[in-house]
Q: 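Please read through the structure below; I'll follow up with questions.
To find a chain, count down the sequence lines: A is the first, B the second, and so on, and within it residues start at 1.
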Number of protein chains: 2
Amino acid sequence: MKIMNTRPTMDDVAEKAGVSQMTVSRVMNGKGYISEEVRGRVRAAAAEIGYVQNRLARGLRSEKTPLVAVVLPTLGNSVFNDVLSGITDALTQAGCRPVFGVTEYSEEKEDELVRDLLSWRPSGIVLTGLEHSDITRAAIAAAGVRVAEIMDIDGTPISMAFGMSQSAAGHATAKHMLAQGLRRFAYAGSHSGRDLRAGKRLEGFRRTLREAGATLLSENISPNPSSMMEGRRMTAEILSRPDKPEAIYYSNDDLATGGIMHCLSNGVRMPEDIALAGFNGLPFLEALPVGLTTVETPRYEMGKQAGQFLSRPDPDLADDTGKVIDLGFNLIAGQTC
Amino acid sequence: MKIMNTRPTMDDVAEKAGVSQMTVSRVMNGKGYISEEVRGRVRAAAAEIGYVQNRLARGLRSEKTPLVAVVLPTLGNSVFNDVLSGITDALTQAGCRPVFGVTEYSEEKEDELVRDLLSWRPSGIVLTGLEHSDITRAAIAAAGVRVAEIMDIDGTPISMAFGMSQSAAGHATAKHMLAQGLRRFAYAGSHSGRDLRAGKRLEGFRRTLREAGATLLSENISPNPSSMMEGRRMTAEILSRPDKPEAIYYSNDDLATGGIMHCLSNGVRMPEDIALAGFNGLPFLEALPVGLTTVETPRYEMGKQAGQFLSRPDPDLADDTGKVIDLGFNLIAGQTC
DNA sequence: GGCCAGTATGTTTACGTAAACATATAAGTA
DNA sequence: TACTTATATGTTTACGTAAACATACTGGCC
């Protein structure tokens, strides 16, 4: 019995099967001509000694890997879980695997992360949003990887973007609220406003209010991460002010749900005393006693299509450059405005 | 100007800096003696030509990688998002990166996935639960990677387990419900019962009922994935039967929340007409008008500790074998029983 | 019979890195 | 002075694989 101090290689399989290493490689990858008899012998030998291919060596030699780098701002938000789920499903179908990291909405961390992920020589990379530093852009250009930018389409993509117009979502929400006769607004966001997409929604919202002559009394940005409790706290604070708004636009459903909690607990009527609107259309909203007015987003689909794009074999890169796929959104009129 | 058809290597940096490739390697990895002057020259040269290390080559040569394989049943459940978040945080701190895949609660997919992930020669692997096929066990043993098993501690871990006792959670829930004077129960689960941990909870629940002489009228297992709508549908069905139970134990909070929705919509009082209990203690429960009785689980912490264990440098493997870290749980008595 | 195309296999080499070993200078020490 | 020690660098090699190229055998066709 041969003692294996290291993991078996193709050479070990080759010796066992009485063929050359290259023949083992051909059997494993299904390339080139192999007789049925040899194929069987090699398969049996590989199974017997428990051969597992070494993807590092494979990637090094063939200069390509079935890896796709995924850069997300956070995992602490179910939005990006849906996105990651879509990406993973698409990649898995194509035999690729995601390697990911989170930036926590920081540009420096994005630069660092992109650089690190590119050291794995992935065949593609998924970025969140369209705003990236020159450092990141240069690194990606030098690496020559395919890029999919998700969530946002308000801007010029490096290669291809799968998302929706964030400013249009802000606009649509404002229009809907204005149509209810609301005139005096407040905005509530979180994370020190580092979420650029939330910023774009706010901008669309703000512009639409201005055009209608309505007032945005205050823009409240918490330094804390988004959560229901934070939304509740912010709502209590906003409603305690002398110039109380008629409506609050939140940067997402979590904060808005916190608003609903505050109102329910304090006998504040929605929308009579205060109108509320959120963003994302998360599934748990269905279970709330009050239907939140919000904008439903195609989260899974963005991830899925981005994943499919990156795992599409040998596509014509030139054709895709600067293209945008608008996956749209859906304003859901609830009971809060 | 030199034309780069391929990505720059250490040799390119070395040429530019007027040193040998090995010196570049030493500067990059901070190993061995390097004069300040040369270090500066190499750094500058690397920055100028945009050198990015090739982790495939590094891993191949050094026979180790900063990768950790992560095997989860699904991403479509915020439980595993929390877990993944904990794992990612711990690994990132230690300079490691997760490569993951999902099994969809299938043993065959787990076997396939583990095999595939091991081909990246990770330094560790995270598995969900303690039940794994002989194929997976053999593959892991042959690979010699460290293993962390998460979520469950009812059994014998391969190396180390970070979780909680699922059957104890089922027992605790049953005990609490029995203490409310409830005697006639139904169980509602999903996913064809493929979730082994839900099975263990049910078993603990069932046993405790039996010991108390109470009745488990029916065990309802939906073939569909868990969701609020599925829970609502199942609840409606269970309550429409002639032998209506006094209480329903759900396999998780999503299903239980669906039960709450059904009750609220149909004027069914909780707990008078029907008592409900869930599992997980997800954050959105706080926003519901009725406080669900549930068991809060240390999801993030399980992932975090598993990640820390796997990224701990050069630990004494022998010491950890078969060890279990019980992170406990917390029964939250709500208004539903 | 000679030649081509298709089939089946082997040999050599290179991918980019780090381990192992070798070399060289300067500074301290017996 | 000779001899160690610390510091600073270079050379050779191997990690496991697949591309490129070479070889050999088969059967069909003119």
Q: Report the residue from A/Ile140, A/Val68, A/Val114 that forms a side-chain contact (heavy atoms from CB on, under 4.5 Å) with A/Val145.
A: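 Passing option: A/Ile140.
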Q: For the pair made of CZ in A/Arg58 and C1' in D/dA19, what is the distance, rounded to whole Å?
A: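 Distance check: A/Arg58 CZ to D/dA19 C1' gives 12 Å.
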Q: Expressed as a whole number of angstroms, how long is the span from A/Met22:CE to C/dG10:C1'?
A: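 Atom CE in A/Met22 sits about 10 Å away from atom C1' in C/dG10.
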Q: Can you tell whether the side chains of A/Glu301 and A/Lys304 come within less than 4.0 Å, N to carboxylate O?
A: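 No, no charged N to carboxylate O under 4.0 Å.
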Q: By nearest heavy atom, map B/Ser62 and B/Gly18 onto DNA chain D; which one lands nearer the 5' end?
A: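 Per heavy-atom nearest nucleotide, the more 5' residue is B/Gly18.
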Q: To the nearest Å, how far apart are B/Arg39 CZ and D/dA8 C1'?
A: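 Roughly 11 Å, once rounded to whole Å.
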Q: Would you kindly give the CG-to-C1' distance between B/Asp11 and C/dG16, to the nearest whole Å?
A: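 After rounding, the gap between these two atoms is 8 Å.
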Q: Just the rounded figure in Å: distance from C1' of C/dA18 to CZ of B/Arg55.
A: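 My rounded result for the distance is 14 Å.
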Q: Let's see if you can work this out: which of D/dA18, D/dA6, C/dA18 has an atom nearest to the side-chain heavy atoms of B/Tyr33?
A: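 So the side chain of B/Tyr33 is nearest to D/dA6.
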Q: Does the Lys NZ or Arg CZ of A/Arg26 fall within the cation-pi geometry relative to A/Tyr33 - under 6.0 Å from the ring centre and within 45° of the axis?
A: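 Negative - A/Arg26 is either too far from the ring of A/Tyr33 or too far off its axis.
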Q: From C-beta outward on B/Glu63, which listed nucleotide comes closest to its side chain: D/dT9, D/dA18, D/dC15?
A: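 Of the options given, the side chain of B/Glu63 lies nearest D/dC15.
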Q: What integer distance in Å separates A/Lys64:NZ from C/dA14:P?
A: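 After rounding, the gap between these two atoms is 21 Å.
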Q: How long is the line joining CG of A/Asp12 and P of D/dG16, in whole Å?
A: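 Atom-to-atom, A/Asp12 to D/dG16, this comes out as 9 Å.
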Q: Are A/Lys109 and A/Glu112 close enough for a salt bridge, meaning some N to O gap below 4.0 Å?
A: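 Answer for the salt bridge query: no.
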Q: Does the base of D/dG10 carry an N or O that pairs as donor and acceptor with the side chain of B/Arg26 under 3.5 Å?
A: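 Under the 3.5 Å cut-off, the side chain and the base do form a donor-acceptor pair.
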Q: Is B/Thr23 near enough to D/dG10 that one of its side-chain N or O atoms lies under 4.0 angstrom from OP1 or OP2?
A: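 B/Thr23 to D/dG10 OP1/OP2: side-chain N or O found under 4.0 Å.
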Q: Is any side-chain N or O of B/Ser20 closer than 4.0 Å to OP1 or OP2 of D/dG10?
A: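 Yes, because at least one side-chain N or O of B/Ser20 sits under 4.0 Å from OP1 or OP2 of D/dG10.
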Q: If you look at every strand shown and take non-hydrogen atoms under 4.0 Å, does A/Met10 touch a base, only sugar-phosphate, or nothing?
A: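 It contacts sugar-phosphate atoms only.
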Q: Between A/Asp12 and A/Arg7, which heavy-atom pair has the shortest distance, and what is it?
A: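 Answer, listing the atom of A/Asp12 first, then A/Arg7: OD2-O, 4.2 Å.
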Q: Can you measure B/Glu37 atom CD to D/dA8 atom C1' for me and round it to whole angstrom units?
A: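 Whole-Å distance recorded here is 12 Å.
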Q: Heavy atoms under 4.0 Å, any strand shown: does B/Gln21 hit a base, just sugar-phosphate, or nothing?
A: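 Base contact.
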Q: Can you check whether A/Ser25 has a side-chain N or O nearer than 4.0 Å to OP1 or OP2 of D/dA18?
A: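 Answer yes for this pair, as a side-chain N or O of A/Ser25 is under 4.0 Å from OP1 or OP2.
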Q: Would you mind telling me which of D/dG16, D/dC15, D/dG10 lies closest to the side-chain atoms of B/Arg61?
A: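 Among D/dG16, D/dC15, D/dG10, the one nearest the side chain of B/Arg61 is D/dC15.
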Q: Mapping A/Val19 and A/Ala57 to their closest nucleotides on DNA chain C, which lands nearer the 5' end?
A: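 Final value for this comparison: A/Val19.
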Q: Can you see if the side chain of A/Ser35 gets near the phosphate of C/dT9 - specifically, an N or O under 4.0 Å from OP1 or OP2?
A: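 Yes, A/Ser35 has a side-chain N/O under 4.0 Å of OP1/OP2 on C/dT9.
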Q: Is A/Asp116 salt-bridged to B/Arg97, cutoff N-O under 4.0 Å?
A: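 Yes.
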Q: Counting heavy atoms from C-beta on, name the nucleotide in C/dT9, C/dT17, D/dG10 closest to the side chain of B/Asn54.
A: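 The answer is C/dT17, which lies nearest to the side chain.
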Q: For B/Ile34, answer base if it contacts any base atom (sugar-phosphate contacts may also be present), sugar-phosphate if it contacts only those atoms, and nothing otherwise; contact means non-hydrogen atoms under 4.0 Å.
A: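 Sugar-phosphate: the residue B/Ile34, judged by heavy atoms under 4.0 Å, touches backbone atoms but no base.
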Q: What's the closest nucleotide to the side chain of B/Lys31 if the choices are D/dT17, C/dA19, C/dG10?
A: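 The answer is C/dA19.
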